[in-house]
Amino acid sequence: QVQLVESGGGLVQAGGSLRLSCSASGRTFSTFRTYTMGWFRQAPGKERGFVAAITWSDAYPYYADSVKGRFTMSRDNAKNTVYLQMNSLKPEDTALYYCAATKPYYGGPYSYGLDYNYWGQGTQVTVSS
């Protein structure tokens with residue numbers, strides 16, 4: 001099993017920055033690098049949507065069009081942690097942000113919630129105008 005804990009959310013003015021972290025624990029200490037990791041977000045009254053992901057195979061970050069050029073996802077396999085650096089934040093970025101992990105060596109898509117087996121509890125990001 002994998003436990004994911006997000007942190008780093010908060011209230012920021014438009015144009016500001018936040019850095020989210022997601023730490024993994026459980027029976028994953030030696031295998032974190034084998035999980036594709038993703039960030040999703042859900043705003044009130046909206047469906048959960050894809051934000052970013054780094055696959056286990058190529059370690060290349062992929063982004064939703066809405067955040068390209070503003071958000072940067074990275075992972076530190078030695079620390080079992082992924083990060084989401086969010087710059088130039090907009091009010092429409094306000095949402096509950098979730099970290100997610102696939103099962104090991106997952107070879108499927110990375111941008112759908114159904115691809116992921118493990119989820120954190122979420123961290124709130126609020127951007128004021």
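Each residue takes its place number in the sequence, starting with 1.
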request  = Please name the pair of heavy atoms, one in Ser129 and one in Ala14, separated by the smallest distance, quoted to 0.1 Å.
outcome  = CA-CB, 4.4 Å
query = Would you say the side-chain atoms of Glu6 pair up with the backbone N or O of Cys99, donor to acceptor, closer than 3.5 Å?
reply = yes
query = Is it true that a side-chain atom of Arg48 and a backbone atom of Arg41 form a donor plus acceptor pair closer than 3.5 Å?
reply = no
message = Strictly distance-based, threshold 3.5 Å: is any side-chain N or O of Thr102 a donor or acceptor partner for the main-chain N or O of Thr36?
response = yes
query = Do the charged groups of Lys90 and Asp93 touch, with an N to O distance under 4.0 Å?
reply = no
inquiry  = Distance alone, cut at 3.5 Å: any donor-acceptor contact between the side chains of Ser17 and Asn87?
reply    = yes
remark   = In short, Tyr35 meets Lys103 closest at the heavy-atom pair CD2-C, 4.1 Å
request  = Kindly give the heavy-atom pair with the smallest separation between Trp39 and Ser21, and that separation in Å.
outcome  = CH2-O, 3.7 Å
message = I want to check a possible cation-pi pair here: Arg19 against Tyr83, using under 6.0 Å from ring centre and within 45° of the ring axis as the test.
response = yes
inquiry  = Could you check whether any side-chain N or O of Thr34 sits under 3.5 Å from a backbone N or O of Pro104, counting only pairs where one atom can act as donor and the other as acceptor?
reply    = no
ask   = Members other than Leu96 in its cluster, when Ile, Leu, Val, Met, Phe, Trp, Tyr link by side-chain heavy atoms under 4.5 Å?
value = Phe40, Phe50, Tyr60, Tyr62, Tyr98, Tyr110, Tyr116, Trp119
note = Between Met73 and Pro61, the two heavy atoms sitting closest are O-CB, 3.9 Å
request  = Could you tell me whether the side chain of Val127 reaches within less than 4.5 Å of the side chain of Val125, counting heavy atoms only?
outcome  = yes
ask   = For Tyr112, which residues count as a ring-ring contact (aromatic ring centres under 6.0 Å, His included) partner, sequence neighbours excluded?
value = none
message = Working note: Trp56 + Tyr106, criterion ring pair (Phe, Tyr, Trp, His ring centres under 6.0 Å); need CA distance, chi angles, decisive distance, verdict.
response = CA-CA 8 Å; Trp56 70 271; Tyr106 181 67; 9.9 Å; no
message = Let me confirm one number: the OG1-CD distance from Thr94 to Glu92, rounded to the nearest 0.5 Å.
response = 8.5 Å
key: Residue pair Leu84 / Val51: nearest heavy atoms and the distance that separates them   = CD2-CG1, 4.1 Å
